[in-house]
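Throughout, a chain's letter reflects where its sequence line sits, starting with A, and its residues are numbered from 1. None of the values given here were measured: they were computed from a predicted structure.
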Protein chains: 4
Amino acid sequence: MFNIALFGAGRIGRVHGANIASHPETRLAAIIDPDKKAAMKLASKYNTRLMSVSEAMENPAIHAVCIASATDTHADLIERSAMADKAILCEKPIALNPTRIRQCLDIVHQRNMPLLVGFNRRHDPHFALLQQRYAQGAIGKAESLIITSRDPLPPPIEYVKVSGGLFRDMAIHDFDMACFILGESPVSVMARGQCMVDPEIGKAGDIDTAISVLTFPGGAMATIINSRRSACGYDQRIELHGSEGTLTVTNVRENQVQLWNESGFQQARPEYFFLERYKKSYQAQWQHFVEVLANQASPCCNGHDGEQALIIADGAAESLRTGQPVTLPRLR
Amino acid sequence: MFNIALFGAGRIGRVHGANIASHPETRLAAIIDPDKKAAMKLASKYNTRLMSVSEAMENPAIHAVCIASATDTHADLIERSAMADKAILCEKPIALNPTRIRQCLDIVHQRNMPLLVGFNRRHDPHFALLQQRYAQGAIGKAESLIITSRDPLPPPIEYVKVSGGLFRDMAIHDFDMACFILGESPVSVMARGQCMVDPEIGKAGDIDTAISVLTFPGGAMATIINSRRSACGYDQRIELHGSEGTLTVTNVRENQVQLWNESGFQQARPEYFFLERYKKSYQAQWQHFVEVLANQASPCCNGHDGEQALIIADGAAESLRTGQPVTLPRLR
Amino acid sequence: MFNIALFGAGRIGRVHGANIASHPETRLAAIIDPDKKAAMKLASKYNTRLMSVSEAMENPAIHAVCIASATDTHADLIERSAMADKAILCEKPIALNPTRIRQCLDIVHQRNMPLLVGFNRRHDPHFALLQQRYAQGAIGKAESLIITSRDPLPPPIEYVKVSGGLFRDMAIHDFDMACFILGESPVSVMARGQCMVDPEIGKAGDIDTAISVLTFPGGAMATIINSRRSACGYDQRIELHGSEGTLTVTNVRENQVQLWNESGFQQARPEYFFLERYKKSYQAQWQHFVEVLANQASPCCNGHDGEQALIIADGAAESLRTGQPVTLPRLR
Amino acid sequence: MFNIALFGAGRIGRVHGANIASHPETRLAAIIDPDKKAAMKLASKYNTRLMSVSEAMENPAIHAVCIASATDTHADLIERSAMADKAILCEKPIALNPTRIRQCLDIVHQRNMPLLVGFNRRHDPHFALLQQRYAQGAIGKAESLIITSRDPLPPPIEYVKVSGGLFRDMAIHDFDMACFILGESPVSVMARGQCMVDPEIGKAGDIDTAISVLTFPGGAMATIINSRRSACGYDQRIELHGSEGTLTVTNVRENQVQLWNESGFQQARPEYFFLERYKKSYQAQWQHFVEVLANQASPCCNGHDGEQALIIADGAAESLRTGQPVTLPRLR
C-alpha cells in the first residue's frame, strides 16, 4: 500500500483523488491546496487529512506525490518531491519555460526519482491499442499520421489569456501523442492558424483553429487538426496510414442508441469532453503509476517527453508567427 | 445478338426494356402489351416495334421472351413460349394456383426450354456475395438466418385486395431468398401476423406485419420479419449466423453524406424502394439470362424454385389462419 | 448510509459486493455464504464480516439484503428478509415454481417491503434510453420488436442440466426486456427451437437455438432470437419498429480501433460476455436500489415482473413441446 | 439530339464514349485518335465513324466536342473547337503552362463558347450533396476543410516522370474540390511532402506523400492529405467543419457484406480506384454538359476554375521547393 500526497483539489485533482482512493494499492494520505475549502471538501469525502507542502514533503510515510496544482507550482513541487525521495506524477506541463524545465529535470535525474508526466491520453485504451498494434507491425512502416483534436467549446477568455496559447495548452497533447505513436521526435514543425471561433481570442493574441505539420526523421509526417469549437462535441480521432494498412481510432459515442426515420439514421454524439472521454485514461494512468511505484515499470511518459512536447509547441507558435517552418533541436 | 420479345410495358416492363436495350448482346425486338399507349411509348423510346402475342410467338427471329405482364397471363405465356421454342424469363409468380404451376412446368420440362423465374434479389450483388461466401465456408454451418424486409409504405388498397396477400405478394421474395442462401427447402413454416399499419388492409382480410419461421432439414431456422411500412424507408437486411461466424448485408444508403452536430451524427436513409435498391439486381439478372441464352449457364432460379416459394407462402398463410405450424410437402 | 447484507459470494455476489462497497451511500455490512472460503475472501477484500443467515436477519443494523445466492434459496431468503423488515434486491428468478413465487410475493406484499428483482438489463444505459425515448413518443406506436440475444459459448453441460432450460435460464432476460420496453404483458407466446450447437445439450433435453414470438394486447409482436453460441462474441441488440420510426441499440464494441487494409475494414468485437457488457447495468441497478431504500423510487422491476417473465418462459417451453402457440394467463 | 465528336479513345475516352452513346440526347458522331486501332475498336462498338481533327472541326453537324486526348493537345483543340463554334468539354488540365492557358481562355471568351473543364468529382453525387448542404447553411460558416485523397497504388514510373508532379497531377483535383466546396479561391498555400512509397519517384524529382494547407479569404483553412499509396484501396473522404456542425463524405464501399467472427467485424474495402468510385460522376458530368448544350445551365466548372486549380498546384510545388508559404495571385 502506497501513501500518496495529492497537490491540488481542483477539477483534475478531484479526478486523481478518486482514482487514488479507489485503487486497492494506494491510499490518499494527504491533500495540499491553498484553497482550504476545496481541500477540506475532498479530504472529508475520502476521510483523509490536510497538510502543508512542508508537512507532506517531510513526512516519511508519504511514498509519492500527485501534482495537480497550478502550472506555475509544478517545477518547484517536482524538485522538492525529488529531493524528498518521493516518486512523482505531475500534470503537464512541467513548466512553460524550457530552461526551468531543464533545471527541474536535472534535479530529478540526480535524485534518480521516477517522474511520470501526465499526458493521460497515452493511457487511453483505444489510442494505446493503436500504438501497440502499430509497434507490432500491423500496418508496416508509418507514412502519415492524422490527429483530429477539437474541443466542444472554447474555455473562458480569462483562461485563454493565461493558457500559454493554443499550441502550449491544447495542441501539446496531440504533439505528445504523435511522438508516442511514432516512437520518435520530430525534426521540424510548421503551423498555420486562424481566429475563427471567437474574436475575443484573437484580441488576446491567440488563435482558435490550427493546422500543424510535424516531420519525423524517417520521413513520416503528422498533421494535427485543432479547433477550440466542435458543434458535435469533443472530436478526438486518430488515423495512422502505413505501408501495409491504416489504423484508426474513431470517436467514443455517448450511447449505442440509433433513431431511424425519414430524416435518416441518427447516432449519439461523442462523449462530451475530456472528463468523460478520458475517464479511463486517468484510471489507467494511475494504474501505471502504481506499477512504477512497485518497480514493475518505468514511466511511459517521462520528463524528457514532457520537455519534448513543449519544445514542439513553442516551435509551432514560432512557425505561426514567422510563417516559416521551424527546425526543432535534438534533445539528446 | 439475341432478339427479345418483351411482354408488358408497365413499371417492371420498362425496367426490363432498358436492360435489354442497353445490353451489348440483346436487342429489344418486340413489345407486346394490350395497353397500346404504354407499348408505343416504350417502342418509340427504344426504336422497336409492337407485336401481338401470336406474331411474337410465330416469329422465328425472336430467340427469347421476357414476361412482365399481368400475373394471370404468366402461365399461358410461359407455355406458349416453351411450345414456340423460346427461352423464357418470367416475373414471379408463375401462377397463384399450384396445380396450374405444375401443368405449366411440365410443358416447359417436356419442351426442355430454359425458364428463369424473376426473383431478382438472388442477383443483388450484396445478397449474392453473402450466399457465395457462405457456400464457400466462411462461417461454417448455418444455424439461424434472419431476413428483414420492410416496405416504405403499403401499396394502394386496391392492389392489396388482388395481391394474394402479404405472404404471396411480399414475403415470397424472402422465402425464396432463404432457400437460395441455405441451398435447401424448408420442412415446415410457422407464421404470426397482425394488421398494425392500416385498418383497411385488415378489412380486406390481409395483414401488414408478419413474422414467419421456416425450419430446414438440417435444423437451421429462418426468421422473416415483414412489414408494409417502414418510416425510415425500404429496410432490406440479412443476417446469417453460422457455427464459425455471421455474415450480414446491411442497407444500401442513398448517399454517403453525414451531418454531425449537437443532435448527433446523421446518415442518409436506405435507398427508397425496390426500383432503386434492386436496380443492379435487375441488370445482373438480365446478364445471367444472356448467359443462359448462350448456353453458358443454367437458370439459377428455375420453375421449381418459383413453385417452392409459392408453396411456402401458402403454408405461411395456412399457419396464420390455423395458428398451427404447417409441414411443407417435398417437391421432388 | 445503508448497511447491506450480501447473500452469496460467487461470481454475481462479487459484482454486487463491489458496487455496494463503492457506492457512497451503502456499506457492505455482512457476507453470508455456506462456502466459507469464498465468503472470507470477499469479506477480507472489503474489510467486512461474515454472518449466518439468522445473524443477518436478526441484526437490526442491517437495512437491506442483496440476494445473490443459489436459485433454490431465493424464495426463502426473500420471505425471511421481508419478515425481518429488510428491503430486498434479489437476483432472478424468484423461484422456478410459479406457486412458490406466488406464496413468496404474498408475504412480501403483506409486509409491504420493497423488492427489486435483478433483471439488470433494464438498467443498461443503452436499453434504458431506448425504452425512455419510445415512451416519450420518438417513434409513434410500436409495431414490431426484435431482440437478438446470443451468448458467446454454451455454459458447461452440468450447468445446462440444472438451468431450467434455455427459456427459463437465458431467454427470460429477453422476455422481461420485451415487457419492459413495450410497457405491457404479452397475451401469447409461440416458440421454435433446435439443438444446433452441442449434441450434449440435446441429450440433456434442452435446445441451444430458439426463436420466440410474443404477441401483445395492442397487436405488437416481439421476436426473440436466442443462441447459446455466437462466434463473434456476445451479441446483444434491440430493434423497435414503430409507426414513425425505428429505435435500435447496437452492440458495444471492445474498443474503437479499426484496421483498414486490402482485406477490408475491421472493427473490434462486442464486449465478450455479460460481466463486461452489463457492468454498468449492475452499477445502475444498485444506484436504483439505493433510491428505493431512500424512498425516492419504487422498484422498477418488482415481484410481479419477475413472476411475469417466468410465466412467459414456461409458456415458450410448452409451445416448443406441443408445437402450438400458448395463451398466457393475465396476472392481475 | 446533339452530335458529339470525341477526341481520344484511351481509358478516359472510353468512359466518355459510353456516356455519350447511352445518353438519350447525345449521339457519338465521330471518334478522333492518332491510335487508329483504339479508335476503330471504339467506333465499331458504338457503330460510329472515325474522323480527322480537321474533318470534325469543319463538319457543321458536330455540335460539340469531348476532349479526352493527350494533355499537350488540349489547348489547341479547345481553341480550334471554339473557333469552329463547338461547345467544349475538356479533361483537366487545359495546359501545364499558365500563359498558354490564358491565351486559350481568351479565345474561348472571344468566341463566347461554353467550356466545361473535366473536374469530374464536382459531379460526384456525394460531394455535390455536401457542397449543396453547406451552401444551404446546414453547418453555418466554414472553419476547416479536410480532404483525404489517397490512391491505391502509384502509377508506373514512366507516367510519374511526365505527370507534372503530384500537385499538378493528383492534388489538383483536391485543390479544385476545396474551391468548389468553399465557393472561393485561396489566398495562400503551404505544402510539405516526402517520398515514402517508392524511391524511384524520389529519383524522378517527385514526391508521393504530401500535406497542403490552403488559406481562404474568410480565414477558413483547407488541409489536403495526399498519398500515392493506400493499402486499403482508394481513400476519398471529405470533412467540412463549420460553426454549427460538420458535414462529411465517407468512402463508398465495394459491397454491404460484413463478416463477424472472433477477429471482429469486417466490412468491404472502398471501391478500388477512380473508374469505379467516380463512375457516376462522369455520368452526371455528361448530363450537366447536355444541359449546357441545351442552354439550361452554364458550365459549373469553367476555364477560370481550371486555371485556378493549376495556379494552386504550382504554388504548392513552389512551397514544397522553398519551404515557404506562397501567396497566390488573384485571378480576376
Can you confirm whether Glu262(D) is buried at CD, in the sense that more than 12 heavy atoms of other residues, nucleotides or ligands lie under 6.0 Å from that atom? no

Quick one: which of Asn261(B), Asn251(B), Thr246(B), Leu129(B) has the most heavy-atom pairs under 4.5 Å with chain D, could you say? Thr246(B)

Rounded to the nearest 0.5 Å, what separates atom CZ in Arg133(D) from atom CD in Gln258(B)? 10.5 Å

What part of Glu244(B) is in contact with chain D, defined as an atom under 4.5 angstrom from a non-hydrogen atom: side chain, backbone, both or neither? backbone

Count the heavy atoms of every other residue, nucleotide or ligand shown that sit under 6.0 Å from NZ of Lys280(D), and state whether that count exceeds 12. no

Glu276(D), CD: over 12 other non-hydrogen atoms inside 6.0 angstrom: yes

Using a cut-off of under 4.5 Å for heavy-atom pairs, which of Asn255(B), Val249(B), Thr250(B), Thr248(B) has the most such pairs with chain D? Thr248(B)

Side chain from CB out, backbone as N, CA, C, O: work out which of these in Ile139(B) comes under 4.5 Å of a heavy atom of chain D, or both, or neither. side chain

Contact check, side chains of Leu247(D) and Val257(B), non-hydrogen atoms, under 4.5 Å: yes

Measure the NE2-CH2 distance between His241(B) and Trp260(D) for me, rounded to the nearest 0.5 Å. 6.5 Å

Minimum heavy-atom separation for Gln256(D) and His126(B), please, with both atom names. N-ND1, 3.1 Å

Less than 4.5 Å to any heavy atom of chain D: does that hold for the side chain of Arg237(B), its backbone, both, or neither? neither

